[in-house]
Colleague: 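My questions all concern the structure below.
None of the values given here were measured: they were computed from a predicted structure.
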2 protein chains.
Amino acid sequence: MQRYFVDQVLTTDDDPIYIEAADHHHLARVMRMTTGDQVYIVFADNQFCTAEIVSVSEDKTLLKLVEWQTNNPELPIAITIASGLPKGDKLEWIVQKGTELGADSFIAFPSDRSIVKWDAKKTEKKRERLQKIAKEAAEQSHRVHVPTITTLASGKQLAERCGEYDAVVVAYEESAKANEKAVLASVFAALRPGMRLLVIFGPEGGISEQEIQLFKAQKAHFAGLGPRILRTETAPLYLLAAASYQFELNNE
Amino acid sequence: MQRYFVDQVLTTDDDPIYIEAADHHHLARVMRMTTGDQVYIVFADNQFCTAEIVSVSEDKTLLKLVEWQTNNPELPIAITIASGLPKGDKLEWIVQKGTELGADSFIAFPSDRSIVKWDAKKTEKKRERLQKIAKEAAEQSHRVHVPTITTLASGKQLAERCGEYDAVVVAYEESAKANEKAVLASVFAALRPGMRLLVIFGPEGGISEQEIQLFKAQKAHFAGLGPRILRTETAPLYLLAAASYQFELNNE
């Protein structure tokens, strides 16, 4: 069933629900849905329900609540993926696949070894495009939370934010090469539902010695993600899948 | 360091090592390597070493062994990913990313709900292309085993092969929707190093009722991969990352 995110919060179960703008266009024109059809509605407070279309007008769709949904599709740990700007369209698919795999939010930053550069205008345009990709992927994967996209100006700015998280991990290729195998599992073991984890990934050339020192000063853990060398766009997906397995499947 | 796969097996440490054909072209023309440069060589028996270039001639490169390598980058469980033919270039990137993440082999089959069709000629051409992608991804991710690509004619042929594996899992969207969380971890818990696991993924529309019955008759396990709905090309990567985490990082 189709899923739409609305800015509204319901105060009573009888409140009218509205879908407007691009989502209205999608529902009415692309999906050609009409009175009596049902969709999922996710409200601004992450509550979600099934709702039935009451009427479709020129500029908006009116719906009414059918039933509240309680199955929580969100990872119990809020994971932020921070990526040093990679080449090409890799960031777009890190956001798309990472959203499917349950990321809470994404941070993009120009790492010392990033080859691409974004000026201020390009940064905002890119951020908006990534936000749109996250929204579509959240709908498609039946999530109730749309990951936020943040852009920072440097690894230094990222280091200054490390204190906002319960744990910080740097995915470190040299750790993988040195056969480091225990750090990720030990970080996971210390996390409890509701905690926040920041995981930092370098661009193609990896993170610089200076960035390593910045993150070390913030008590980041340097972890290997298995003995194979993963591309810069594959490593975040490994991390998120491993977290889902650990926190959602392996704890029965 | 660059890594090349050769068909040879060394019988003594003094045997000459040869790189020929496309790999020779890559080494000599693309990478412009020359006498004295070192590369990794992976032999037909999966043993691998560092080797030094002795000479580069018109049609081949001659090398000598420097040092055997013993770090094993292969997953302890041999995982075969079977994909019902998906749309577009998704299979190419399942093979590329799945090779990075440690898959032992790949099987492509036209599933009942596959929209694309491959005739005999196209099938062989596609298989060769996927094999090339697997070889490049294996080199790039520092693996010593290049996954094999097999094409089958139907889900029925796939079911007939299930007996070759120690366990068979079907990644089943309905299991995910029904909040099934325990099957994958219990299958993993029963696997020991050296065992073979087949994991079957449907195309975009999922596997058919008839295919479900075929795989059920082969004692396949139907598992959910977490509470979010994963795209057909994302689910195999989730499985492989979860297996790597379980068997390579979480067992210290």
Colleague: Taking the basic N atoms (NZ, or NE/NH1/NH2) and the acidic carboxylate oxygens, is any pair closer than 4.0 Å for B:Glu204 and B:Lys90?
Modeller: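 Here B:Glu204 pairs with B:Lys90 in a salt bridge, since their nearest N and O are under 4.0 Å apart.
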Colleague: Is it the backbone or the side chain of A:Leu225 that comes under 4.5 Å from a heavy atom of chain B, or both, or neither?
Modeller: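 Contact with chain B: backbone only.
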Colleague: Tell me, side chain or backbone of A:Gln140 under 4.5 Å from chain B's heavy atoms, or both, or neither?
Modeller: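 Both backbone and side chain.
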Colleague: Under 4.0 Å between a Lys/Arg side-chain N and an Asp/Glu carboxylate O for B:Asp23 and B:Lys135?
Modeller: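 Between B:Lys135 and B:Asp23 there is a salt bridge, with a charged N closer than 4.0 Å to a carboxylate O.
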Colleague: Salt bridge or not between A:Glu92 and A:Arg129? Use side-chain N to carboxylate O under 4.0 Å.
Modeller: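 Answer for the salt bridge query: yes.
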Colleague: Using 30° and 60° as the class limits, which term best fits the ring planes of A:Phe222 and A:Tyr172: parallel, tilted or perpendicular?
Modeller: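 Ring orientation, 0 to 90° scale: perpendicular.
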Colleague: Looking at B:Leu240, B:Leu237, B:Leu184, B:Leu101, which makes the most heavy-atom pairs under 4.5 Å with chain A?
Modeller: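 Option with the greatest count: B:Leu101.
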Colleague: Compute the ring centroids of A:Phe188 and B:Tyr245, then answer whether they are less than 6.0 Å apart.
Modeller: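 Yes.
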Colleague: Between A:Glu74, A:His142, A:Glu180, which has the largest tally of heavy atom pairs under 4.5 Å with chain B?
Modeller: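 Maximum pair count with chain B is reached by A:His142.
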Colleague: Let's test your reading of the structure: which of B:Ala223, B:Ser186, B:Pro227 forms the most heavy-atom pairs below 4.5 Å with chain A?
Modeller: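 Option with the top pair count is B:Pro227.
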Colleague: Would one find more than 12 heavy atoms of other residues, nucleotides or ligands at under 6.0 Å from atom CZ of A:Arg32?
Modeller: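 No, because the 6.0 Å sphere around CZ of A:Arg32 holds 12 heavy atoms or fewer from other groups.
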Colleague: For B:Leu239, which atoms come within 4.5 Å of any heavy atom of chain A: side chain, backbone, both, or neither?
Modeller: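 No part of B:Leu239 comes within 4.5 Å of chain A.
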Colleague: Of the backbone (N, CA, C, O) and the side chain (C-beta and beyond), which part of A:Arg143 lies under 4.5 Å from a heavy atom of chain B, both, or neither?
Modeller: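 Contact with chain B: side chain only.
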